Novice: 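Could you have a look at this structure, given as structure tokens, before my questions?
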Amino acid sequence: MSCDIISVRSESTCGVGVEFGYRCIPFSEMSFVEYRDVIQNGDTAIIFLGHDSMFAIKVQQGGSTQTKYGAIKHSADLIGKKYGSKVTCSKGGWVYILHPTPELWTVTLPHRTQILYSTDISMIIMMLELKPGSIVCESGTGSGSLSHAIIRTIAPTGQLYTVEFHKQRAEKAEEEFCDHKIDHLVTVKNQDVCKEGFGVVNIADAVFLDIPSPWEAVKYAKSALKTEGGRICSFSPCIEQVQRTCLAMTEQGFMDIHTFEILLRVYDVRTVSLQLPDLGVGDTNNQDTVADKNQSKEDSWSDLQPGTTQFKSGAPLREMAGHTGYLTFATKYLS
Ligand SMILES: C[S@@+](CC[C@H](N)C(=O)[O-])C[C@H]1O[C@@H](n2cnc3c(N)ncnc32)[C@H](O)[C@@H]1O
């Protein structure tokens, strides 16, 4: 089998071809940091039933998955098919099979904690100035939602040091990173970041905190960052946590301290009907209604009531995603 030889900083936990400090990653394997065309045995794939209905599966020879449209047989329906294919289920309905991405994983992963979603994650990745090759420290790992996005950004040469003091969560995250073929890009440490820090000194380009008492970890964030400096971000739901963290950042010499809240507004595209005002001139000369009425069957103009007009509009959803948390960013400069 042809292999991509990648040097690793830590021993692989899934025992895939470890040899003299190098790990063989077969070209044919899917991973969260590389796209592959064809679905294979052992892949994580996303079953797409609709924009708000998706779930992740592990593709297994001989396995099957139940959906509301009937069963999908992995050997016959998935293995060897292209990602993006439309697959017909046993009851005749169909689904799409998608290649996994950090964004799709965020909306399908098994929750072990509260997680960060893509709106906050995008801001974090941009404001921490992450790029391929970046060295990042993170705590806590939680369910690994943010970790996957960081890893995709810093690949193929960066490294994430993620700290989680809950043993089972740390182990589960390590298992998932291995399963998603990204374990060579991440080191999971099972320790208390507020007491023992990140386990690395003067190597990080950026530090991210999502823990209840981030102010207790700020001094460790400072020592983990490179001597020439770097960026920090702390995520907290409550403003009192933000105040204490900003004070700790100031005490540790961080500068450019800014706190943001990112709110997402999703729009639904709808056809809206409006009653035209009756100005007493009759409606036969009304260009909008009469001309358009003959053009678009898709918009059901034939159902248009006399005296009304219709147009496409973007309407915000009735329920909007609310407060997730405050993001506080700061910079460590060379002192
Ligand atoms: C809200 S979750 C993090 C979610 C994560 N950002 C994600 O997107 O999936 C917070 C995690 O931090 C861990 N944690 C809390 N305090 C910690 C500490 N002092 N040291 C290490 N981990 C800690 C918790 O066990 C929990 O798993």
Side-chain angles (χ1 to χ4, degrees), residues 4 6-14 16 22-27 29-36 42-46 56 58 98-113 115-164 169-190 193 198-200 203-210 221 224-225 230-233 235:
D4 198 6
I6 295 180
S7 70
V8 286
R9 290 156 218 261
S10 58
E11 182 86 351
S12 165
T13 51
C14 51
V16 192
Y22 288 91
R23 193 160 76 91
C24 290
I25 299 181
F27 277 137
E29 280 185 346
M30 64 74 60
S31 104
F32 271 56
V33 292
E34 269 171 74
Y35 181 76
R36 213 214 24 238
D43 283 6
T44 297
I46 309 292
K58 174 106 173 169
L98 305 182
H99 194 286
T101 63
E103 289 75 16
L104 292 176
W105 182 244
T106 287
V107 291
T108 54
L109 62 77
H111 280 227
R112 299 179 286 273
T113 59
I115 64 164
L116 288 170
Y117 289 92
S118 297
T119 313
D120 286 316
I121 290 175
S122 331
M123 186 72 167
I124 293 163
I125 301 278
M126 183 187 73
M127 295 289 280
L128 287 181
E129 298 169 13
L130 303 191
K131 55 182 184 296
S134 297
I135 309 290
V136 184
C137 291
E138 175 203 32
S139 187
T141 316
S143 306
S145 171
L146 175 69
S147 316
H148 278 75
I150 293 177
I151 291 168
R152 194 256 316 268
T153 308
I154 65 174
T157 50
Q159 185 74 190
L160 172 65
Y161 294 89
T162 185
V163 176
E164 170 58 60
R169 284 183 203 149
E171 285 170 358
K172 191 69 197 152
E174 209 161 18
E175 203 180 290
E176 277 173 1
F177 296 141
C178 199
D179 210 29
H180 298 161
K181 310 291 182 294
I182 49 177
D183 54 307
H184 57 295
L185 294 161
V186 53
T187 307
V188 183
K189 287 179 197 282
N190 178 213
V193 74
F198 294 93
V200 292
I203 65 164
D205 296 292
V207 174
F208 176 80
L209 296 169
D210 180 3
L225 286 167
R231 294 277 287 159
I232 184 173
C233 174
F235 174 91

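As the structure is a computational prediction, the values presented were derived from the model and not from experiment.
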Novice: Sort out for me which residue in Ile125, Leu160, Ile232, Leu116 forms a side-chain contact (heavy atoms from CB on, under 4.5 Å) with Phe208.
Specialist: Leu116
Novice: Look up atom OG1 in Thr44 and atom CG in Leu104, then write down how far apart they are to the nearest 0.5 Å.
Specialist: 12.0 Å
Novice: Locate the shortest heavy-atom distance separating Leu225 from Gly230; write the atom from each residue and the value.
Specialist: CD2-CA, 4.0 Å
Novice: Between Lys58 and Asp179 (salt bridge meaning N to carboxylate O under 4.0 Å), is one present in this structure?
Specialist: yes
Novice: Answer yes when Lys189 and Glu174 have at least one side-chain N-carboxylate O distance shorter than 4.0 Å, and no when they do not.
Specialist: no
Novice: What heavy-atom pair brings Arg152 and Pro102 nearest, and what distance separates the two atoms?
Specialist: NH1-CD, 3.4 Å
Novice: If you look at every heavy atom in Gln159 and His184, which pair is closest and at what distance?
Specialist: NE2-O, 3.2 Å
Novice: In terms of side-chain heavy atoms, does Ser118 have a donor or acceptor partner in Thr106 at a distance below 3.5 Å?
Specialist: no
Novice: What is the distance from atom SG of Cys233 to atom CE of Met123, rounded to the nearest 0.5 Å?
Specialist: 9.0 Å
Novice: Determine whether a donor-acceptor pair (N or O, by modelled atom type, separation under 3.5 Å) exists between the side chain of Thr141 and the backbone of Gly144.
Specialist: no
Novice: Show every ring-ring contact (aromatic ring centres under 6.0 Å, His included) that has at least one partner inside residues 137-157, sequence neighbours left out.
Specialist: Phe32-His148, Trp105-His148, His148-Phe177, His148-His180
Novice: For the residue pair Pro100 and Ile46, what are the closest heavy atoms and their distance?
Specialist: CA-CG1, 4.0 Å
Novice: Donor-acceptor pairs under 3.5 angstrom involving side-chain atoms of residues 130-138: please list them, not counting sequence neighbours.
Specialist:
| unit_1 | atom_1 | unit_2 | atom_2 | d |
| --- | --- | --- | --- | --- |
| Ser134 | OG | Lys131 | N | 3.0 |
| Ser134 | OG | Lys131 | O | 2.9 |
| Glu138 | OE1 | Ser147 | OG | 3.0 |
| Glu138 | OE1 | Thr162 | OG1 | 2.6 |
| Glu138 | OE2 | Ser147 | OG | 3.3 |

Novice: Return the minimal non-hydrogen interatomic distance between Ile121 and Ala149, and the atom names on each side.
Specialist: CG2-CB, 3.5 Å
Novice: Quick one: pull up OH in Tyr161 and CD1 in Ile150 and give me the separation to the nearest 0.5 Å.
Specialist: 14.0 Å
Novice: Would you give the length of the straight line joining atom CG of Asp210 to atom CD1 of Ile115, rounded to the nearest 0.5 angstrom?
Specialist: 10.5 Å
Novice: Mind checking ring pair (Phe, Tyr, Trp, His ring centres under 6.0 Å) for Tyr35 and listing every partner two or more places apart, or none if nothing turns up?
Specialist: His99
Novice: Indicate the atoms forming the closest heavy-atom contact of Gly158 with Leu185, along with that distance.
Specialist: O-CD2, 3.6 Å
Novice: Looking at Arg112 and Glu164, does any basic side-chain N land under 4.0 Å from a carboxylate oxygen?
Specialist: no
Novice: Using a 3.5 Å distance criterion without hydrogens, assess whether the side chain of Thr113 forms a donor-acceptor pair with backbone atoms of Gly142.
Specialist: no
